[in-house]
Amino acid sequence: MSALQLSFLPLKEPLGFIKVLEWVFSIFSFATCGGYSGKTELVVTCVNTTYPDNKTIQASFMYPFRLYNYVFEGIGDKFCGEPWPAFHLTGDYSSPSQFYVAIAVLAFLYCIGALVLYLGYWQLYQSTSKLTLIDFIFTVIFAFLWLVSASAWAKGLTDVKTATSPQNIAEYHCKPPIKCNPGMESHMGSLNISVAFGFLNLILWAGNAWFVYKETNLHKPPPSHIEEGHGNIPPPSSM
């Protein structure tokens, strides 16, 4: 292992500069998804004239979106003259969200390791064919994983929006003598951004695969070593 030689020159090349962008975008990806919390709201009315009443109930939810764990709150034990049952959100969308965040965290860690190698051991990286090949293989794998995870999370986010929509809950989950009207809906701008970052990461990693490929022996075979003074000079003919 060669000694550490810190140099920022690799950052001026596409290989290093794009790796920094991948590192930054991976942070945004898991932060915008993993740090989300929101709420959905309903206005419930008793249609029984004996117990006229209006209440606003809310259910808070957050990553990883196991929605069945979250209950609407804001009503006591009874409403409309009857016991008020626990009113849960429905659905479990933890798999696509956790898979997406896991890929983002792994990409973040890999970028740190790759940048340490680029900035501290650049000469070793360029002169060792196994390191460049391993880097290329992992870059291709991460590009594929970003495609799968971003697509899965885009579908999962659509399902989360449907399951937490006050309009859908009011229409399908409220029955007489209780009438539900949709209330305020949670803003999911950060989750939309997380999906966008997922596909941006896909573009970055797929594009960077070309620059990593150019460093491998697959693109530039190692030069043949010819001893000086011998080379292809034919042996002297015998007299």
Let me confirm one number: the [atom1]-[atom2] distance from [X] to [Y], rounded to the nearest 0.5 Å.
X	Y	atom1	atom2	result
Thr32	Met188	OG1	CE	14.0 Å
Leu145	Leu202	CG	CG	10.5 Å
Leu133	Phe138	CG	CZ	11.0 Å
Gln167	Thr40	CD	OG1	8.0 Å
Leu115	Tyr110	CG	OH	10.5 Å
Phe79	Thr45	CZ	OG1	6.5 Å

Going by disulfide bond (SG atoms under 2.5 Å apart), name the pairs with one or both residues in residues 179-216, residues two or more places apart or in two chains.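 Applying disulfide bond (SG atoms under 2.5 Å apart) to every pair that reaches into residues 179-216, excluding sequence neighbours, yields Cys174-Cys180.
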My understanding is that only residues two or more places apart in sequence, or in another chain, count here; which of them pass side-chain hydrogen bond (donor to acceptor under 3.5 Å, both in side chains) with [X]?
X	result
Thr128	none
Trp205	none
Trp122	Gln126
Tyr125	Asp135

Results of disulfide bond (SG atoms under 2.5 Å apart) for Cys111 - residues two or more places apart only: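 Disulfide bond (SG atoms under 2.5 Å apart) list for Cys111, sorted by chain: empty.
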So if you build clusters from Ile, Leu, Val, Met, Phe, Trp, Tyr with side-chain heavy-atom gaps below 4.5 Å, do Leu15 and Ile203 land together?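 Leu15 and Ile203: separate clusters.
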Do Ile137 and Phe142 share a hydrophobic cluster (ILVMFWY, side-chain heavy atoms under 4.5 Å, transitive)? yes
For atom CZ of Phe199, decide whether the heavy atoms of other residues, nucleotides or ligands shown that lie under 6.0 angstrom number more than 12.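 For Phe199, atom CZ is crowded (more than 12 foreign heavy atoms under 6.0 Å).
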Contact list for residues 67-78, test salt bridge (Lys or Arg N to Asp or Glu O under 4.0 Å), sequence neighbours left out: none
For residues 22-48, which residue pairs pass the salt bridge (Lys or Arg N to Asp or Glu O under 4.0 Å) check, not counting sequence neighbours?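 Found Lys19-Glu22.
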Grab the two heavy atoms, one from Pro166 and one from Met184, that are nearest each other, plus how far apart they are. CG-O, 3.7 Å
Nearest heavy atoms of Trp23 and Ser26, plus distance in Å: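 Trp23 and Ser26 have their closest heavy atoms at O-OG, 2.7 Å.
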List the atom pairs, donor and acceptor, that lie under 3.5 Å between side-chain atoms in residues 6-13 and the rest of the protein, sequence neighbours left out.
unit_1: Ser7; atom_1: OG; unit_2: Leu9; atom_2: N; d: 3.3

Taking the side chain as everything from C-beta on, heavy atoms only, tell me whether Thr132 gets closer than 4.5 Å to Val212. no
Name each donor-acceptor pair under 3.5 Å that joins a side chain in residues 156-164 to protein atoms two or more places apart or in another chain, with its distance.
unit_1: Thr158; atom_1: OG1; unit_2: Ala154; atom_2: O; d: 3.1
unit_1: Asp159; atom_1: OD1; unit_2: Lys155; atom_2: NZ; d: 3.1
unit_1: Asp159; atom_1: OD2; unit_2: Lys155; atom_2: NZ; d: 2.9
unit_1: Lys161; atom_1: NZ; unit_2: Asn192; atom_2: OD1; d: 2.7
unit_1: Thr162; atom_1: OG1; unit_2: Thr158; atom_2: O; d: 3.0
unit_1: Thr164; atom_1: OG1; unit_2: Val160; atom_2: O; d: 2.8

Where at least one partner belongs to residues 62-72, residue pairs that pass side-chain hydrogen bond (donor to acceptor under 3.5 Å, both in side chains), sequence neighbours excluded: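 Checked against side-chain hydrogen bond (donor to acceptor under 3.5 Å, both in side chains) - neighbours excluded - no pair reaches residues 62-72.
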Phe72/Trp84 under ring pair (Phe, Tyr, Trp, His ring centres under 6.0 Å): CA gap, chis, key distance, verdict: CA-CA 11 Å; Phe72 279 94; Trp84 176 258; 8.7 Å; no
Sole residue of Val71, Leu42, Val43 in side-chain contact (heavy atoms from CB on, under 4.5 Å) with Ile57: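 Of all the options given, the one that passes is Leu42.
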Please output the side-chain donor-acceptor pairs of residues 96-104 that fall under 3.5 Å, not counting sequence neighbours, one pair per line with the distance.
unit_1: Ser97; atom_1: OG; unit_2: Pro64; atom_2: O; d: 3.2
unit_1: Ser97; atom_1: OG; unit_2: Tyr93; atom_2: O; d: 3.2
unit_1: Ser97; atom_1: OG; unit_2: Ser94; atom_2: O; d: 3.1
unit_1: Tyr100; atom_1: OH; unit_2: Ser29; atom_2: OG; d: 3.4
unit_1: Tyr100; atom_1: OH; unit_2: Ser194; atom_2: O; d: 2.3
unit_1: Tyr100; atom_1: OH; unit_2: Gly198; atom_2: N; d: 3.3

Where do Phe65 and Leu191 land on the side-chain contact (heavy atoms from CB on, under 4.5 Å) test, with the steps shown first? CA-CA 12 Å; Phe65 307 106; Leu191 296 182; 3.9 Å; yes
Any sub-3.5 Å donor-acceptor pair from Ser127's side-chain atoms to Leu124's backbone N or O?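 A pair under 3.5 Å: yes.
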So Phe28 and Phe197, would you call those rings parallel, tilted or perpendicular, with 30° and 60° as cut-offs? parallel
